[in-house]
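Naming convention: chains lettered A, B, ... in sequence-line order (proteins, then strands); numbering from 1 in each chain. From a predicted model like this one, the values you see are computed outputs, not experimental measurements.
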Number of protein chains: 2
Amino acid sequence: MRGMTVIDEDTTERRLTIGEAAEATGLSIDTLRYYEKAGLVLRAPDRSSSGQRRYGEADLRWIGTLVMLRRTGMPIRDMRRFVDLYGVDGSEPERLRILQEHREHVLQQLAEVQTHLTAIDRKIEYYEDTVMTK
Amino acid sequence: MRGMTVIDEDTTERRLTIGEAAEATGLSIDTLRYYEKAGLVLRAPDRSSSGQRRYGEADLRWIGTLVMLRRTGMPIRDMRRFVDLYGVDGSEPERLRILQEHREHVLQQLAEVQTHLTAIDRKIEYYEDTVMTK
DNA sequence: CAACACCCTGGAGCGCACTCCAGCGCAAGC
DNA sequence: GCTTGCGCTGGAGTGCGCTCCAGGGTGTTG
C-alpha cells in the first residue's frame with residue numbers, strides 16, 4: 001500500500017488559491033494567469049463565489065505537464081498547438097507525434113550541451129593547471 | 001603524426017570574411033557583428049584595406065568559446081564579465097571560478113531537463129498504448 | 001471597523017538576444 | 001565598365017516570455 005495515492009481522502013477536494021497554486025507549481029502568479037490567457041490550460045480553473053480562481057488536482061496536474069514541456073524548451077506557441085488537440089477527437093496520434101518530435105529535439109539539445117560541457121571541462125582543467133602552478 | 005595539426009602550413013594565415021566566419025562558426029553575420037559591438041571579443045578582427053573584417057584562427061577559436069558558453073545557456077551579460085577579465089592581470093582564479101559555477105549551473109539544468117524528459121517518455125508510452133489499442 | 005493581505009482585470013512595460021533596414025562603398029567576374 | 005554580391009554603419013524593429021501596474025474588490029484578523 002505504501003506509495004499508493006489515496007484518492008478522495010476527503011470527500012471535498014482541496015482547492016488552492018492562485019497564490020498556493022503558484023507555490024505548488026513553481027510558476028509565478030502572473031505566469032499562471034498568463035498561461036491561462038494564452039490558452040494553455042485545458043479548462044480554466046473554477047472560481048469562488050467572489051470570482052477568485054480555485055485550482056483543483058486536475059488543474060495542477062495539467063500545469064505540471066505544461067511545466068515539463070516548457071522547461072524542456074518547448075515554445076509557448078507549440079504548447080498551444082498541443083493543448084488545442086485535446087479538443088479534437090481522434091487527435092491522439094498527432095499528440096503522440098508532437099511529443100515524440102519534442103523528445104528528439106530535447107535529446108539533440110542535451111547532446112549539444114553535453115558536447116559544449118566537455119569543452120568547458122577542458123578549459124577548467126587548463127585554468128586549474130595554470131592557477132595551481134603559478 | 002596522424003591527427004596532429006600542422007601549424008603554418010602556409011606562411012600567410014587564411015583570413016575569412018565575415019560571411020565565411022559566419023559559415024564556420026554557425027553564427028549569423030549579424031550576430032558576429034553584434035557580439036563584437038557587445039564587447040564579447042577579445043580583440044576585434046583585423047580589417048582589410050577597405051575596412052572589411054578579416055577573421056583569423058585566433059578570432060575563430062575565441063568565437064568558438066563564445067558559442068560554447070552561449071549554447072550552454074550563459075547570458076551575454078555574464079559572458080561579457082568573463083571576457084573583461086582577460087584584460088585583468090592575475091584574474092585567472094576568478095575566470096576559473098566563473099567557469100566552475102557555470103559548469104554547476106549547466107549540470108543542474110541538464111538534470112532538470114532529464115527529469116522532465118522521463119516524464120515526457122511516460123506520456124509518450126501512454127499515448128503509444130492508447131493509440132495502438134484503439 | 002480598520003488594516004492588511006490577497007485576488008481581480010486589461011493593458012503597458014521590460015530584458016534579452018538577436019535581426020533587419022537604409023543608404024552607402026568596394027570588388028570580382030563576365 | 002557594369003552588374004551582382006558582399007560588406008560597412010548606426011539605429012530601429014522583432015518575438016518571446018514573462019512581469020508589473022493602476023484601480024478596484026474581497027475577506028480575515030485584532
Side-chain angles (χ1 to χ4, degrees), chain A residues 14-41 44-56 59-60 63 65-83 102 105-106 109 112-113 116, chain B residues 14-41 44-56 59-60 63 65-83 102 105-106 109 112-113 116:
Chain A
R14 184 80 216 296
R15 322 209 111 238
L16 308 185
T17 66
I18 194 167
E20 292 165 335
E23 181 83 5
T25 60
L27 299 177
S28 73
I29 291 176
D30 276 318
T31 300
L32 281 172
R33 287 196 282 240
Y34 166 70
Y35 281 4
E36 191 182 327
K37 251 194 235 177
L40 297 188
V41 294
D46 294 342
R47 300 292 182 117
S48 74
S49 57
S50 66
Q52 296 191 358
R53 274 165 264 248
R54 290 295 122 99
Y55 292 81
D59 298 320
L60 295 179
I63 292 167
T65 302
L66 295 180
V67 168
M68 141 202 130
L69 293 175
R70 189 70 199 89
R71 303 251 66 202
T72 50
M74 187 183 281
I76 301 287
R77 186 181 348 107
D78 293 2
M79 287 167 65
R80 225 208 138 178
R81 265 187 235 124
F82 183 67
V83 175
H102 181 57
H105 193 84
V106 173
Q109 280 179 190
E112 202 205 327
V113 169
H116 289 308
Chain B
R14 186 78 217 293
R15 323 209 112 239
L16 308 185
T17 65
I18 195 168
E20 292 164 335
E23 181 83 5
T25 59
L27 299 177
S28 74
I29 290 175
D30 276 319
T31 300
L32 282 172
R33 287 195 282 238
Y34 167 69
Y35 280 6
E36 192 182 326
K37 251 193 236 178
L40 297 188
V41 294
D46 295 341
R47 299 294 182 119
S48 75
S49 57
S50 65
Q52 295 191 357
R53 273 166 266 249
R54 289 297 122 97
Y55 292 82
D59 298 321
L60 295 180
I63 292 166
T65 301
L66 295 180
V67 168
M68 141 200 130
L69 293 175
R70 189 71 201 87
R71 304 252 67 205
T72 49
M74 186 183 281
I76 300 289
R77 187 181 348 106
D78 294 2
M79 288 168 63
R80 217 195 148 190
R81 266 187 236 125
F82 183 67
V83 175
H102 181 58
H105 192 85
V106 172
Q109 280 178 190
E112 201 205 329
V113 169
H116 289 309

- Query: Within this structure, what is the CE-to-C1' distance between B/M79 and C/dC18, rounded to whole angstrom?
  - Reply: 13 Å
- Task: Calculate the interatomic distance between A/D78 atom CG and D/dG15 atom P; express it in whole Å.
- Result: 16 Å
- Query: Can you name the one residue among A/I63, A/I76, A/V83 that meets side chain to side chain contact (heavy atoms under 4.5 Å, CB included) with A/Y35?
  - Reply: A/I76
- Item | Length of the CG-P vector between A/D46 and C/dC7, whole Å | 16 Å
- Give the minimum heavy-atom separation between B/A44 and B/E36, together with the two atoms involved. CB-OE2, 3.8 Å
- Query: Is the CZ atom of A/R71 crowded by more than 12 outside heavy atoms at less than 6.0 Å?
  - Reply: no
- Between D/dT19 (P) and A/L32 (CG): distance, integer Å: 11 Å
- Are side-chain heavy atoms of B/T25 and B/Y55 found at a separation under 4.5 Å? no
- Query: How close or far is atom P of C/dC16 from atom OH of B/Y35, stated in whole angstroms?
  - Reply: 14 Å
- Query: At under 4.0 Å between heavy atoms, what does B/S48 touch on the DNA or RNA strands: base, sugar-phosphate, or nothing?
  - Reply: nothing
- Message: Tell me if a side-chain donor or acceptor on B/E112 pairs with a main-chain N or O of B/Q109 at a distance below 3.5 Å.
- Response: no
- Task: Starting at atom CE of A/M74, determine the distance to atom P of D/dG15, rounded to an integer number of angstrom.
- Result: 21 Å
- Is the number of heavy atoms from other residues, nucleotides or ligands under 6.0 Å of B/E23 CD greater than 12? no
- Please examine the side chains of A/H116 and B/V67, heavy atoms only from C-beta on, and report whether any two atoms are closer than 4.5 Å. yes
- Please determine, for the side chain of A/Y34, which listed nucleotide (C/dC18, D/dG17, C/dT19) has the closest atom? D/dG17
Contacts under 3.5 Å, N or O only, protein and nucleotides 5-12 of chain D:
{"unit_1": "D/dG7", "atom_1": "OP1", "unit_2": "B/T17", "atom_2": "OG1", "d": "2.9"}
{"unit_1": "D/dG7", "atom_1": "OP1", "unit_2": "B/G19", "atom_2": "N", "d": "2.8"}
{"unit_1": "D/dC8", "atom_1": "OP1", "unit_2": "B/R53", "atom_2": "N", "d": "2.9"}
{"unit_1": "D/dC8", "atom_1": "OP1", "unit_2": "B/R53", "atom_2": "NE", "d": "2.8"}
{"unit_1": "D/dC8", "atom_1": "OP2", "unit_2": "B/R33", "atom_2": "NH1", "d": "2.6"}
{"unit_1": "D/dC8", "atom_1": "O3'", "unit_2": "B/R47", "atom_2": "NH1", "d": "3.4"}
{"unit_1": "D/dT9", "atom_1": "OP1", "unit_2": "B/R47", "atom_2": "NH1", "d": "3.3"}
{"unit_1": "D/dT9", "atom_1": "OP1", "unit_2": "B/R47", "atom_2": "NH2", "d": "3.0"}
{"unit_1": "D/dT9", "atom_1": "OP2", "unit_2": "B/R53", "atom_2": "NH2", "d": "2.2"}

- For C/dC18, does either OP1 or OP2 sit under 4.0 Å from a side-chain N or O belonging to B/S28? no
- Which nucleotides of DNA chain C pair, in dot-bracket form (Watson-Crick or G-U under 3.5 Å, | meaning another strand): ||||||||||||||||||||||||||||||
- Task: Would you mind telling me which of B/R53, B/R54, B/R15 makes a salt bridge (Lys or Arg N to Asp or Glu O under 4.0 Å) with B/D46?
- Result: B/R15
- Task: State, to 0.1 Å, how close A/A21 and A/L60 come at their nearest heavy-atom pair, and which atoms those are.
- Result: CB-CD2, 4.1 Å
- Message: Taking 4.0 Å as the cut-off, does a side-chain nitrogen or oxygen of A/R70 come that near to OP1 or OP2 on D/dC18?
- Response: yes
